Amino acid sequence: MRWAVIVFPGSNCDDDAVAAITRATGDEVVKVWHQERDLRPYDAIVLPGGFSYGDYLRCGAIARFSPVMAAVRAEAEAGKLVLGICNGFQILTEAGLLPGALVRNHHLQFRCEMAELVVENDRSPFTSLYRRGERVRIPIAHGEGRYIADEAVLDELARAGRIAFTYAADVNGSARRIAGVLNERGNVLGLMPHPERAVAAWMGSEDGLRMFAAIHRAVEEGVHVG
Amino acid sequence: MAEPTAEQIREEKLYREMGLTDDEYARIVDRLGRLPNFVETGLFSVLWSEHCSYKSSKVHLRRFPTEGPQVLQGPGENAGVVDIGDGIGIAFKMESHNHPSAVEPYQGAATGVGGILRDIFTMGARPIAFLNSLRFGPLDDPHTRYLFANVVAGIGGYGNCVGIPDVGGEAVFDPSYRYNPLVNAMCVGVVRADRIVRGRAAGPGNPVFIVGNRTGRDGIHGATFASAEDPHAKERSAVQVGDPFMGKLLMEACLELMATGAVVGVQDMGAAGLTSSSAEMASRAGGGIELYLDDVPVREAGMTPYEIMLSESQERMLVVLEQGREQVAFDIFAKWGLQVANIGRVTDDGLLRLWFQGQVVAEVPVAALVDEAPVYERPLAPPATPLGAGVALPAEDQLDLAAGLLRLLAHPSVADKRWIYRQYDTSVRASTYVGPGGDAAVVLVPGTARAVALVTDGNGRYTALNPRRGGAIAVAEAARNLACTGAKPLAITDCLNFGNPEKPEVMWQFAEAVAGMSEACRVLDTPVVSGNVSFYNESHGQDIFPTPIVGAVGVVEDLRHVTPNAFQHAGSAIVLLGAPDTALDGSLFWQLAAGRPAGDAPRLHLDAERALCDLLLQLIRRGLIRAAHDVSEGGFAVALAEMCIGQGIGAAVSLGRSGAESPLARAGWLFSEAQGRVIVEMAPADVAAVIAAAEAAGVPAQAVGTTGGAWLEIGDVSGAWLRLPVAQLADVYRRALPDWMGEVQA
């Protein structure tokens, strides 16, 4: 299979994502510049972390207008797997591909540290290699990672199993400690923690490997989502 | 507002307001053979400022050893480069941003990070790590807390955005820095040894471009501002504002462009902006340069040549391209959405010539601006009495040893720095093998199986007590920290933070410290490849402690050599390498008891340091060492406590027949900061081999205890001197900074 890692001006985890995907799957990975309008040649799409457009105005608010985002939307609607990590998650919410918003951490500081996550849904194509209730260690590195949404939306996310991960401890004030959410169809995942920084023992965790491996498996096995 | 005429500048001595002395002005007139006009006077005022010309420090800096087989690029370029093998160079440099940070801490720190980042990638090097060395006053002062919080936020604000991990550094809190914080930023990059780019405006006819931000009226006279007393009296408008997004785009675009080979030279517009970048590039190439100032993209209409030349607007680069290959650059800059303008060309007449509205508005020899800046041998005078002389030793009631250890662990200079570094992205690039909290950081290097070890060190208290030894200790401690991590020290950069050089006592401190550093660099084979001097660190008439900071780079040849600094197993043996010492000279313990720095600087023997470093590396390479940590601020007891706290493993330590019966003698054993000592953990079966190797190397070694349990106990044959739960040590150590800073509890 072939992956696309989208590069926006200001993306800075693009190379890390490429390295992690390569390490986890051995698949072909292509860095795709944000001006690209056609993502049909790719089987899975990753929006990496960073500070697209400097996070000026609002995180992800400018990147959502990049030409590539129309293609991301089209491929998501076609059922392809789309993973947004950190700034990628923020862009996906700004683009309306995921509900809710990511705002300033409640303690008002950037926070970079290993975080313990609870796997809330192990049936998605992104999380099928984890077990529900399992605790995994994946680092966070964000200043604006506090997930918020209307109560009704949060209830619906919980009811539909669309909360993929929660934080074991409250690291940023997120509603219901949400760390990652799925779209309604289950083929778009936004995640504040960085699985690409948890792919080797020396990094302090290898738990991120299973996310990329799960995506690979879902694509190779032609799992139909939705 | 009309600009003053050349005659007015002379008659009304207007050059003084621009930072030039009467003598300096006379030299300029003499050199030009005429009166300089307003623009020309401005050019001289910034390039002859202390900040740009090093006029007070130059004669002393010549003492530094700067050469060695490992040096690919020494001082004089945007950064130094050292060879780590496999054809890979490591570019690195450290720079101060003290004055702006005192006035506007967030932007002062942020632009410090941005500036040093650009110095690295202009060498053609891909930046891979930041480190920061910080000094503040005591945290009981609300203004200090404001400065500290905003400096940390500013460093994170820039570094996090550009996606370079912050992997280490130090933070020290002492009354000496109350009104004059120090913010020293170091950046490290990787470059193929055969692809180093130099900041040279070579090849007459080649076009000169400005890339990045537009030029505005911000930061005019920042360089002279950094060369004057009491920045608080100066305007905040002299502090620049950083744009990390633009910094990131410039980095990516310049690296992409330099990889094409179409670039002749690149230079960041740092202090003194377009003036220094153009003059220095021309100077290095031995030629001239002419600029068409009407073509410089500006932020507002009506900017004068003077303002355009002296603006310190951030995120601008000067690029010299090969004639005929301009389109390569245009395409790359367009891709990154960057503005590029052709603003001049390289000439061969040795002049810096400025055109504006069809007229030549300045024409001065490049050599006069750059190479012929004044060099001062300022008077030196040691103080009548050394600073720490005659201070009473700690009194009986100050010698509760357990309380003393806890007090040191809670001191912000010693305590856990996680409150700082968890605000920095330490793991982006996914290459941080050892991040903040280690004796040195270890970062993987793309293109090789080797890694680099990085550290900053420096102790203003030691340098205040004994400038020569304090300077030497900064180098020795940096080298020792690298060796503890399993790295061979290769070279250093430095930031020399001192007070007012016009005071003979300050100049004496500077000369002595540089002499001490030079000696240490020679013995430890770590030449100086880049550096920066920051004078005039004084406020309210008080000079800071003379504070030379060393940034050192070492190579880890095999990742299996990377050695942690905390105990790894229960049941290990603990050995102290290096000569035991009980003198409290220069120790934090004595300072806290006396309320001022006391005694001499701690003991240092450079030859013993070299032997210790070599021994440590030998033992680590033989696989004998489980953990290693050097004895530094706080002494032996603090070092042991830190080794226990890391993994929550206790230790029982006996100093044998110490002979220490009085509390003062025992305090000496526990809290002396004598140099050249390292605590190592090893399997009990390896003790004999370690002691034998130490003997062969001429390094004293003593088995002092075992790891395990939940307590730290230290004593001698007569019994325990102190016994504390590791959980309590950890709590005190970890709570100190969050408690001071009123952390929001998650």
Side-chain angles (χ1 to χ4, degrees), chain A residues 7-20 23 33-35 48-57 59 62 86-87 105-115 138-143 167 169-174 177 194-205 208, chain B residues 126-128 149 152-166 242-253 315 334-338 418-436 442 444 446 451 559-560 562 738 741-746:
Chain A
V7 183
F8 298 94
S11 293
N12 63 30
C13 303
D14 43 337
D15 288 331
D16 303 351
V18 171
R23 189 183 187 107
W33 187 235
H34 73 120
Q35 298 284 1
F51 288 69
S52 58
Y53 294 95
D55 277 358
Y56 297 156
L57 187 59
C59 307
I62 304 176
C86 199
N87 192 230
N105 295 346
H106 69 324
H107 47 68
L108 305 181
Q109 290 179 349
F110 189 93
R111 185 58 44 88
C112 175
E113 62 194 2
M114 186 60 80
I138 304 208
I140 55 166
H142 59 245
Y167 299 106
D170 184 10
V171 298
N172 57 18
S174 285
R177 292 193 185 170
H194 288 269
E196 81 280 12
R197 298 189 198 178
V199 296
W202 63 263
M203 294 181 183
S205 169
Chain B
R126 162 68 63 179
I128 59 171
V152 170
I155 290 169
Y158 205 104
N160 298 345
C161 185
V162 295
I164 312 299
D166 205 306
D243 179 351
F245 176 55
M246 181 62 81
K248 163 79 172 166
L249 298 182
L250 275 176
M251 172 174 76
E252 297 299 341
E315 285 85 27
K335 172 190 162 188
W336 290 97
L338 291 168
R418 210 167 76 102
W419 185 89
I420 301 173
Y421 64 73
R422 71 178 182 171
Q423 297 184 58
Y424 302 150
D425 194 332
T426 54
S427 53
V428 63
R429 293 189 55 79
S431 300
T432 308
Y433 202 81
V434 177
V442 178
L444 304 183
L559 287 171
R560 288 172 298 184
V562 174
M741 299 307 290
E743 184 186 18
V744 176
Q745 286 305 302

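Lettering follows sequence order; numbering is per chain, from 1. Just so it is clear, the model here is predicted, and its values are computed rather than measured.
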Q: Can you check ring-ring contact (aromatic ring centres under 6.0 Å, His included) on A/Phe110 and B/Tyr424, steps first, answer last?
A: CA-CA 7 Å; A/Phe110 189 93; B/Tyr424 302 150; 9.0 Å; no
Q: Nearest 0.5 Å please: distance from the CD1 atom of A/Ile140 over to the CZ atom of B/Arg422.
A: 9.0 Å
Q: Could you tell me which of B/Val434, B/Asp243, B/Leu249 has the largest number of non-hydrogen atom pairs under 4.5 Å with chain A?
A: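 When all of B/Val434, B/Asp243, B/Leu249 are compared, B/Asp243 has the most.
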Q: Do the non-hydrogen side-chain atoms of A/Trp202 and B/Val562 ever get within less than 4.5 Å of each other?
A: no
Q: Please step through side chain to side chain contact (heavy atoms under 4.5 Å, CB included) for the pair A/Arg197 and B/Asp425, ending with a clear verdict.
A: CA-CA 12 Å; A/Arg197 298 189 198 178; B/Asp425 194 332; 2.8 Å; yes
Q: Please find the pair of heavy atoms, one from B/Val162 and one from A/Asn12, that lie closest to each other, and give the distance.
A: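 Nearest pair, atom of B/Val162 first, then A/Asn12: C-ND2, 4.0 Å.
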Q: Fit a plane to each ring of A/Tyr53 and B/Phe245, take the angle between them on a 0 to 90° scale, and name the class: parallel (under 30°), tilted (30 to 60°) or perpendicular (over 60°).
A: tilted
Q: Could you tell me whether the side chain of A/Glu113 reaches within less than 4.5 Å of the side chain of B/Tyr421, counting heavy atoms only?
A: no
Q: Give, for atom CH2 of A/Trp33 and atom CH2 of B/Trp336, the distance between the pair rounded to the nearest 0.5 Å.
A: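 Output value for this atom pair is 4.0 Å.
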Q: Side chain from CB out, backbone as N, CA, C, O: work out which of these in B/Leu444 comes under 4.5 Å of a heavy atom of chain A, or both, or neither.
A: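 Just its side chain gets close to chain A.
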Q: Start with the C-alpha distance between A/Met203 and B/Tyr433, add both sets of side-chain angles, then the distance that settles side chain to side chain contact (heavy atoms under 4.5 Å, CB included), and finish with yes or no.
A: CA-CA 7 Å; A/Met203 294 181 183; B/Tyr433 202 81; over 6 Å; no
Q: Out of B/Ala149, B/Ala430, B/Gly163, B/Gly337, which one racks up the most heavy-atom pairs below 4.5 Å with chain A?
A: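 The answer is B/Ala430.
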Q: Specify the closest pair of heavy atoms between A/Gln109 and B/Trp419, including all atoms of both residues, with the distance to one decimal.
A: NE2-CZ2, 3.4 Å
Q: Between A/Cys13 and B/Val428, is any pair of side-chain heavy atoms under 4.5 Å apart?
A: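 Sidechains of B/Val428 and A/Cys13: in contact.
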Q: If I compare all heavy atoms of B/Ser427 with all of A/Cys112, which pair ends up nearest, and what's the gap?
A: OG-SG, 3.9 Å
Q: Please check this pair: side chain of B/Lys248 against backbone of A/Pro9, looking for a donor-acceptor N/O pair closer than 3.5 Å.
A: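 Looks like no, no N/O pair under 3.5 Å.
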